[in-house]
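Contents: one structure, followed by commentary.
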Amino acid sequence: TNVIEIVNLKKTYSSSHGMHSALKDVSLTVPEGCIYGIIGLSGAGKSTLVRCINGIESKTGGSVKVLGQEVGDLGANGLKSLRRNIGMVFQQFNLMPSRTVIQNVLLPLRGTSVPRGERKVKAERLLELVGLERYADAYPSQLSGGQQQRVAIARALANDPQILLCDEATSALDPDTTKTILDLLVKLNREYGLTVIVVTHQMDVVKTICTDVSVIDQGRIVEQGSVYKIFADP
Ligand code: ADP
Ligand code: ADP
């Protein structure tokens, strides 16, 4: 099955400067269990695409189905459950600086059906999964960038999402740290069957871990298919 099916997606922004087509005709399918790369230069439309997938932005045309549901048809509760099913990881980690590491991981569990007594155990297990159980009571500022990103990944997994959506998640990290994050993403994919989507401008990242890729340029998909096929050496 496919976790995401996007057909002829269009997104036009209108502002005082006029209209701007950020996504012109984007179609892509993300099969369950893959590591899918969406690659393009700055301004290509990647963030707009991400925001159409998690329902932050409304589309101008076409269809965006996530986990079988048309995102545009969802009401407030549907959007809430959609967002719990898509764990988000960002370039700048976006941790709450005034909260400890474990408090950050606990945040997404607020207002969920996970019983209070189980939340801490769950957060501890997630910190163990990313190798940071020793830092539960530290503050984000006491951690390295790579460690902070691992906390962000633990937090993104708090609601057992089916999709982990990484938006330039390694762009602020040095090459060695990037490798530890990519290894973690591969582990989550292999051992837990998590579908991972990697949105990036970094070709190496896609070549290293992705199974499938869409190349986006100026709001259009210009190449699409298996990474093996598209990046095969001639
Ligand atoms: P990327 O994430 O690949 O850098 P974006 O999706 O951020 O690309 O942007 C695609 C295009 O849409 C860019 O030309 C950008 O300036 C424009 N754009 C993005 N967000 C808005 C917005 N809220 N209003 C108007 N134009 C926008
Ligand atoms: P990124 O490429 O990482 O998404 P941007 O700097 O393109 O970051 O965008 C930051 C914010 O500004 C986003 O919320 C985006 O919607 C908005 N934005 C981007 N381009 C434009 C634009 N041309 N006009 C208005 N808002 C924009």
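Note that ligands are numbered from 1 as they come in the structure, with each ligand's atoms numbered from 1 the same way.
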ask   = Does some non-hydrogen atom of S15 fall short of 4.0 Å from ligand 1?
value = no
ask   = What part of V50 sits under 4.0 Å from ligand 1 if we count only heavy atoms: the side chain, the backbone, both or neither?
value = neither
ask   = Is there a heavy atom in G40 that sits closer than 4.0 Å to ligand 1?
value = no
query = Should I221 and L28 count as side-chain neighbours, where that means a heavy-atom distance under 4.5 Å?
reply = yes
ask   = What are the atoms of ligand 1, with element, lying closer than 4.0 Å to any heavy atom of L41?
value = 3 (O)
query = Which pairs count as salt bridge (charged side-chain N to carboxylate O under 4.0 Å, His left out) when at least one residue sits in residues 135-144, sequence neighbours excluded?
reply = none
ask   = Do any heavy atoms of I216 fall under 4.0 Å from ligand 1?
value = no
Note: K187-D183 ion pair, threshold 4.0 Å (strictly below) = no
Residue pairs, two or more places apart or on separate chains, that pass salt bridge (charged side-chain N to carboxylate O under 4.0 Å, His left out) and touch residues 210-225 = none
key: Under-4.0 Å heavy-atom contact with ligand 1, by part of R51 that carries it   = side chain
ask   = S47 heavy atoms, cut-off 4.0 Å: which ligand 1 atoms fall inside?
value = 1 (P), 2 (O), 6 (O), 7 (O)
query = Do R134 and E128 sit within salt-bridge range, that is, some charged N less than 4.0 Å from a carboxylate O?
reply = no
key: Carboxylate-amine/guanidinium proximity below 4.0 Å for K65 and E5   = no
ask   = Quick one: which ligand 1 atoms are inside 4.0 Å of a heavy atom on K46?
value = 1 (P), 2 (O), 3 (O), 4 (O), 6 (O), 8 (O)
request  = Compute both the distance and the angle, then confirm whether K11 meets the cation-pi test with Y13: under 6.0 Å from the six-membered ring centre, within 45 degrees of the axis.
outcome  = yes
key: Proximal ligand 1 atoms for A44, defined as those under 4.0 Å from one of its heavy atoms   = 1 (P), 3 (O), 8 (O)
message = So for ligand 1, is A22 a polar contact partner (N or O within less than 3.5 Å, distance only)?
response = no
